[in-house]
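All remarks here apply to the structure that follows.
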Amino acid sequence: MVNSDELSVDTTAALKASECNTAVHVPQRKVARVTWSKPCEAMFVHLAEHNPQELIEYLHSRAISTGMRARAARAAGRIKDSAFALRVLRSLLDDAQPMVQEGAVQGLAANGTDEAKRILEQVAHDSKVHSGVREAAMDALDLG
């Protein structure tokens, strides 16, 4: 039995990565000594924290499902450069897929800055925005 206090960050990330389960097949990715056989939320979070540019590539990829792109959008809220994260998330609010837009809303909620909250307020009250996305923004603001 392994004591979790003895695990390195990379081992912990690898254990989380092993929990990912999706039908999408892509070539094996190796990022900072952590390997994933396919895209998953743990990988997106790792990329947001360590290699945001690669995360952006996934956000614009049509090689992964809309659901995976939504998970990547949610992870983008964890990008350390808040201004960069906000630009990325704001652009995703214009994505053709409401599921990706909702992921962007969740990313904005995770970002937590005053600017992110202002964007969420705009989304929550914009009648042109898909109703599910507006509802997610209201939930993020605790207005729902």
Between CD on residue Gln106 and CG on residue Asp139, distance to nearest 0.5 Å:
9.5 Å

Pairwise distance OG1(Thr66) to CD(Gln97) - rounded to 0.5 angstrom:
4.0 Å

With a 4.5 Å limit on heavy-atom distance, are the side chains of Leu47 and Pro52 in contact?
no

Any chance you could measure Gln53, atom CD, to Phe84, atom CZ, to the nearest 0.5 Å?
5.0 Å

Applying side-chain contact (heavy atoms from CB on, under 4.5 Å), name anything that partners Ala124, two or more places apart in sequence or on another chain.
Ala137, Met138, Leu141

How close do Ala136 and Glu102 get, heavy atom to heavy atom, and via which atoms?
CB-CG, 3.6 Å

Verify the cluster assignment for Val105 and Ile119: are they in a single hydrophobic cluster under the rule of side-chain heavy atoms below 4.5 Å apart?
yes

I'd like to check the side-chain contact (heavy atoms from CB on, under 4.5 Å) partners of Arg71; sequence neighbours left out, ordered by chain and number.
Glu41, Phe44, Met68, Arg74

Heavy-atom closest pair, residues Ala76 and Ala85
O-CB, 3.6 Å

Note: Ala96 and Pro98 closest approach over all heavy atoms is O-CD, 3.4 Å

Note: Arg69 and Leu59 closest approach over all heavy atoms is NE-O, 2.8 Å

For Leu93, the option from Val129, Val100, Leu120, Leu108 that meets side chain to side chain contact (heavy atoms under 4.5 Å, CB included)
Leu108

Hphob cluster co-occupancy, Leu86 + Val123, side-chain heavy atoms under 4.5 angstrom
yes

Within the side chain of Gln101, is there an N or O that forms a donor-acceptor pair under 3.5 Å with the backbone of Asp95?
yes

Measure the CE-OG distance between Met43 and Ser37 for me, rounded to the nearest 0.5 Å.
10.0 Å

As an exercise, state the distance from CD1 of Ile79 to CG of Asn111, rounded to the nearest 0.5 Å.
9.0 Å

Could you name each residue pair satisfying side-chain hydrogen bond (donor to acceptor under 3.5 Å, both in side chains) that touches residues 117-132, not counting sequence neighbours?
Glu115-Arg118

Within one Ile-Leu-Val-Met-Phe-Trp-Tyr cluster: Ile64 and Val45, side-chain cutoff 4.5 Å:
no

Looking at Ala75 and Ala48, what are the two nearest heavy atoms and their distance?
O-CB, 3.2 Å

Rounded to the nearest 0.5 Å, how far apart are CG of Leu92 and CZ of Arg87?
13.0 Å

